[in-house]
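Some notes on the structure that comes next.
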Amino acid sequence: MDKFTRREWLQFGAKLCALMGIETTSIPRIVQALESIQTGNTPVVWLQGQSCSGCSVSFINSDAPDPVEILTQYISLRFHSTLSTATGALGMEMIENVIENEKFYLVVEGSVPAKMPKACLMGHKPITTWIEMAANKVTALIAIGSCAAFGGIPAAENNPTGAISVPDFIKERRINIPVIRLPGCPCHPDWFVGTLAYTLAYGLPELDSYQRPTMFYKRLIHDQCPRFADYERERFAQTFGDEGCLFKLGCAGPITHADCTLRHWNSGVNTCIRAGAPCVGCASETFARKSRFPLYTKS
């Protein structure tokens, strides 16, 4: 496949600036960062812990550019646990070679089975070993998805593996590296591509107290909700399918920071709330942590 033309890079750079909410004067710098990725100067290693691969699926469902363009033209993806063609001993050798000889960005999807390392093996080694080996050599670590960022469903109360988030695991191992959390179940592809491009152009983006990029996670879902006027008028839906605010049906928008209602999913088709479903708070730091956590509430 041919590489992007300069015009195409400029178009995509403009799109990224728009989705990140930064000024258009930044387009040339963002384009330069994207071209750096394309030339292979920025290797990325993507590992998976306890996960359903949902963030990987979300990533390859990206639009403008499509997943083929992402994987072949501007992401120098050295290894991906699901997508890589190199498997077995060859795949493990590839990862070890990158860890030993290159500076790279480490992306981890899924939580870490801290109390049961053998619950998640790769090449006969616990994923804990791979993450620790890689983390000592990285430029930065991106914890992608709620499981990696905050523990998610695998780390729910009473889980037998002692699952924890990737940042918590890194902290326990006393590894001091830049960490970015991109929660969401799954993570929106724009959040990942935009964060990586911004980091290459400017360094780490502005992060909130939970290490989330403020350009995507600054505001509450509730404050950007298309049904906010219904909330103010106390016009609440009583059953699913009703018009009105979904708060009484368990909507977690008031405690969840993300821009889903503005960005939309599946190539801009829809969002949970616009489709009539309450926000389940999948990007929240509290998502699924307690056994009593309700995904929906019956009014």
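These figures come from a predicted structure and were not determined experimentally. Keep in mind that the numbers below use all heavy atoms, side chains included, and drop hydrogens, waters and symmetry copies.
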Report task. Run the numbers on Thr199 and Tyr105 for side-chain contact (heavy atoms from CB on, under 4.5 Å), then give the verdict. Result -> CA-CA 10 Å; Thr199 301; Tyr105 285 83; 3.6 Å; yes

Requested in this report: Kindly indicate, with the supporting measurements, whether the criterion side-chain contact (heavy atoms from CB on, under 4.5 Å) is fulfilled by Lys125 and Met133.
Outcome: CA-CA 11 Å; Lys125 289 182 183 179; Met133 286 170 52; 4.3 Å; yes

Report task. Let me see the working for Phe240 and Leu246 under side-chain contact (heavy atoms from CB on, under 4.5 Å), right down to the final yes or no. Result -> CA-CA 8 Å; Phe240 297 106; Leu246 300 166; 5.7 Å; no

Report task. Mind running salt bridge (charged side-chain N to carboxylate O under 4.0 Å, His left out) on Glu206 and Lys218 for me, showing each step along the way? Result -> CA-CA 10 Å; Glu206 179 185 356; Lys218 186 174 184 178; 6.0 Å; no

Query raised in the report: Going through the checks in order, is the side-chain contact (heavy atoms from CB on, under 4.5 Å) test met by Ile95 and Met122?
Result: CA-CA 11 Å; Ile95 300 176; Met122 189 176 75; 3.5 Å; yes

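Each of Pro154, Ser146, Ser165 was scored for a side-chain contact (heavy atoms from CB on, under 4.5 Å) with Ser111, with one residue passing: Pro154.
Taking the six-membered ring where the residue is Trp, His222 and Tyr231 present perpendicular rings, their angle passing 60° and hence far from 30°. Ring-plane geometry between Phe59 and Phe192 is classed as perpendicular, the angle between the planes exceeding 60 degrees on a 0 to 90 degree scale with a lower cut at 30.
Summarising the geometry of Tyr210 relative to Glu285, their closest heavy-atom pair is OH-OE2, 3.6 Å, with the distance given to 0.1 Å. Taking each heavy atom of His264 and His188 in turn, the nearest pair found is O-NE2, 2.8 Å. In plain terms, the two heavy atoms of Pro167 and Ala143 that are nearest each other are CD-CB, 4.1 Å. In plain terms, the two heavy atoms of Gly110 and Val166 that are nearest each other are O-CG2, 3.6 Å. Residues Ala148 and Ile144 share a closest heavy-atom pair of CB-O, 3.4 Å. Listed here is the closest heavy atom pair of Phe104 and Ala134: CZ-O, 3.7 Å.
Not a single salt bridge (charged side-chain N to carboxylate O under 4.0 Å, His left out) links Arg181 to another residue, sequence neighbours left out. Residues passing the side-chain hydrogen bond (donor to acceptor under 3.5 Å, both in side chains) test with Ser291, sequence neighbours excluded: Glu157.
With a 4.5 Å cut-off on side-chain heavy atoms, Phe247 and Pro254 count as touching. Contact check for Phe79 versus Met92: side-chain heavy atoms found under the 4.5 Å cut-off. Counting only heavy atoms from C-beta outward, the side chains of Pro213 and Leu207 approach each other to under 4.5 Å. Contact of the Ile180 side chain with the Pro205 side chain is registered, since non-hydrogen atoms from C-beta on lie closer than 4.5 Å. Between Asn270 and Trp265, the closest side-chain pair of non-hydrogen atoms is not below 4.5 Å. Annotation: side chain of Val57 is not in contact with side chain of Pro186 (no heavy-atom distance under 4.5 Å). Contact of the Met215 side chain with the Thr195 side chain is registered, since non-hydrogen atoms from C-beta on lie closer than 4.5 Å.
The distance from atom SG of Cys245 to atom CD of Glu232, rounded to the nearest 0.5 Å, is 10.5 Å. Here CZ of Arg78 is found 14.0 Å from CG of Leu106. Values are rounded to the nearest 0.5 Å. A distance of 6.5 Å separates CZ in Arg173 from OG1 in Thr128, rounded to the nearest 0.5 Å. Atom CD1 of Ile170 sits about 4.5 Å away from atom CD1 of Ile175, to the nearest 0.5 Å. Separating the SG atom in Cys120 from the CD1 atom in Ile131 is a distance of 8.0 Å, to the nearest 0.5 Å. In this structure, SG on Cys279 lies 12.5 Å from CZ on Arg227, to the nearest 0.5 angstrom.
In the hydrophobic cluster analysis, where Ile, Leu, Val, Met, Phe, Trp and Tyr join through side-chain heavy atoms closer than 4.5 angstrom, Leu262 is grouped apart from Tyr198. Under the 4.5 Å side-chain contact rule for hydrophobic residues, Val112 and Ile177 share a cluster. Cluster membership check: Met116 does not share its hydrophobic cluster with Ile164, using side-chain heavy-atom separations under 4.5 Å among Ile, Leu, Val, Met, Phe, Trp and Tyr. The cluster map of Ile, Leu, Val, Met, Phe, Trp and Tyr, joined by side-chain heavy atoms under 4.5 Å apart, puts Leu204 and Leu182 in the same cluster. Residues Phe236 and Ile255 fall into different hydrophobic clusters, defined by Ile, Leu, Val, Met, Phe, Trp and Tyr side chains chained together at heavy-atom separations under 4.5 Å.
Surrounding CD of Glu172 are more than 12 heavy atoms belonging to other residues, nucleotides or ligands, all under 6.0 Å away. Counting non-hydrogen atoms of neighbouring residues, nucleotides and ligands closer than 6.0 angstrom, the CG atom of Asn101 exceeds 12 such neighbours. Other residues, nucleotides and ligands contribute over 12 non-hydrogen atoms within 6.0 Å of the CD atom of Glu96.
Under the 3.5 Å distance criterion, the side-chain polar atoms of Thr256 are left unmatched by any main-chain donor or acceptor of Ile221. The backbone N or O of Pro183 sits less than 3.5 Å from a side-chain atom of Tyr217, completing a donor-acceptor pair. Side chain of Lys103 to backbone of Lys137: a donor-acceptor contact under 3.5 angstrom is found. Formation of a donor-acceptor pair under 3.5 Å by the Asp223 side chain with backbone atoms of Arg219 is not found in this model. At least one donor-acceptor pair under 3.5 Å links the side chain of Gln224 to the backbone N or O of Leu220. Within the 3.5 Å criterion, the main-chain N or O of Arg274 finds a donor-acceptor partner in the side chain of Thr271. In this structure a side-chain-to-backbone donor-acceptor pair under 3.5 Å is missing from Glu109 to Val107. A donor-acceptor pair under 3.5 Å is formed between the side chain of Arg289 and the backbone N or O of Phe150. A distance-only check finds a donor-acceptor pair linking the side chain of Ser58 to the backbone of Cys187 [under 3.5 Å].
Of the charged side-chain nitrogens involved, at least one lies within less than 4.0 Å of a carboxylate oxygen, so that Asp259 and Arg263 count as a salt-bridged pair.
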